[in-house]
Amino acid sequence: MSSFDPYLANKATAGFNTVFGQSPELVVRCPGRVNLIGEHTDYNNGFVLPIGLPFETVIAASPSLTNEMSIVSESFGSTTFSLDNDPMTTPDWGKFIHGVGSFMFNPESVHMGWNGYICSNIPSGANLSSSAALEVASGFVFKLVGAQETSLQELALIGKRVENELIGVSSGIMDQMACALSQDGSALFLDCLSLETSAVVIPSNAVTVIMDTGTRRELKSSSYNERARNCEQAVASLGVSSLREVSISDLDILRDPLAKRRAHHVVSENARVLNVVESFGENDCVTAGSIFNQSHLSLKEDYEVTGPALDRIVEIAVDAPGCFGARMTGGGFAGSAVALVSRDIVRDFCAFVEQNFVCPESQPAVTSTRIYPVEACAGVSIL
Ligand code: GLA
């Protein structure tokens, strides 16, 4: 499936026309992401392997020729703010855009404001990076409007700063790097220490399937930041600068059992990412799939970020026809899981999971469960 969705782009252009009474000067698109493996490793300087999704956020925009901005989102209403003001004064989703603009703002240069109309088909709160896509898409618009040289990697780092400094989530760099740098047809292997990336081809007999449980949880209100603190504690006790530097046997000296389990997940997950990359290289989806299953178990038992709905859907997926392996994806607690499935019977797989998954009573869904195969799509671009 192509990452260019003319329907969404046309809708954003028409929306811009209606609101601002003229055609937009530029249209930017940015995909969401699903992580194949390497969970909660990014803020520990580890490895991750996401793909860009055929779901995207599209912004139709024109420079405002001032520092004032007026933005309308098809789904979330409208916001106005000035780049001369503190982004913390802009509420809700507008803060992501205002934050990116304020970190890119150079008072010496031309006006950087723009007016925009936003459409998106990335499910929000599903652990598929709708907020990172908004950050990277709006960063790309700021780059074009301000005629800045900002690289895609720099745009990703700006998005991360917004999450860390303005939203209050201690997240890593994976989501924004995936939104910015993903490639058509391949997974993106990212070393979160060096920020080096390379394309990893997924064997052609396998398809990535997203399983959105329909449950939702705010990353900030979750225990995400607590997990990051647990890892910092392990790092301090080990006397290293990150968990990237240690092996499983080094963890023996950790006295605190909780810090030890958290660190065990991170260190073993890094090895799993490398092993999946190797298995893909050998067209060995059976081994890759079994590593997906091990990852879920580690996230459930050592890192404790799964939850009843994610555990249930993974359990069903693993028994479904054609499944090589399945695991939760993204921050966890709720939202989506991902499965690696044999291409020739992917329809049977999806039907099986749809028929058999019922959200546990202890964690009700807030939106419908959706199961869909996806192909890897390219990162942010101008249309
Ligand atoms: C969220 C964060 C990422 C990453 C994942 C877990 O998506 O934004 O930085 O930590 O959780 O792998």
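Heavy-atom basis, side chains included; hydrogens, waters and symmetry copies ignored. Please read these numbers as outputs of a predicted model, since none were measured by experiment. Read the numbers this way: they start at 1 and go in the same order the structure lists the ligands and their atoms. Quick note: residue numbers are just sequence positions, from 1.
- Within the listing of ligand 1, atoms 10 (O) sit less than 4.0 angstrom from a heavy atom of Tyr43.
- Any N or O atom pair closer than 3.5 Å counts here, and Thr41 shares no such pair with ligand 1.
- Set against the non-hydrogen atoms of Glu39, the atoms of ligand 1 under 4.0 Å away are 6 (C), 12 (O).
- The distance from ligand 1 to the heavy atoms of Asp42 drops below 4.0 Å at these ligand atoms: 3 (C), 4 (C), 9 (O), 10 (O).
- Ion pairing between a basic and an acidic side chain is recognised when a charged N comes within 4.0 Å of a carboxylate O; Arg343 and Glu375 show such pairing.
- Polar contact check, Ile173 against ligand 1: no nitrogen or oxygen pair lies under 3.5 Å apart.
- Those atoms of ligand 1 that come under 4.0 Å of a heavy atom in Ser171, given as number and element, are 2 (C), 8 (O), 9 (O).
- Close approach of ligand 1 to Met174 is summarised as follows: ligand atoms under 4.0 Å from at least one heavy atom of the residue are 4 (C), 5 (C), 12 (O).
- Exactly one residue among Asn45, Thr41, Asn44, Asp191 makes a side-chain hydrogen bond (donor to acceptor under 3.5 Å, both in side chains) with Arg244. That residue is Asp191.
- Ring planes of Tyr224 and His40: tilted class, angle from 30 to 60°.
- The hydrophobic cluster containing Val207 does not contain Leu188, counting ILVMFWY residues as joined when their side-chain heavy atoms lie under 4.5 angstrom apart, directly or transitively.
- Residue Arg33 touches ligand 1 through its side chain alone, judged by heavy-atom distances below 4.0 Å.
- Put simply, the side chain of Gln363 gets close to the backbone of Phe333: a donor and an acceptor are under 3.5 Å apart.
- In the hydrophobic clustering of this structure, Phe292 groups with Val286; members are Ile, Leu, Val, Met, Phe, Trp, Tyr whose side-chain heavy atoms approach within less than 4.5 Å, directly or through other members.
- Numbered from 1 in the order shown, with element, the atoms of ligand 1 that lie under 4.0 Å from a heavy atom of Gly172 read 9 (O).
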Mind running side chain to side chain donor-acceptor pair (under 3.5 Å) on Asn17 and Gln22 for me, showing each step along the way? CA-CA 5 Å; Asn17 257 302; Gln22 52 184 246; over 6 Å; no

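- Looking at Val169, Asp175, Val48, it is Asp175 that brings a heavy atom closest to atom 7 (O) of ligand 1.
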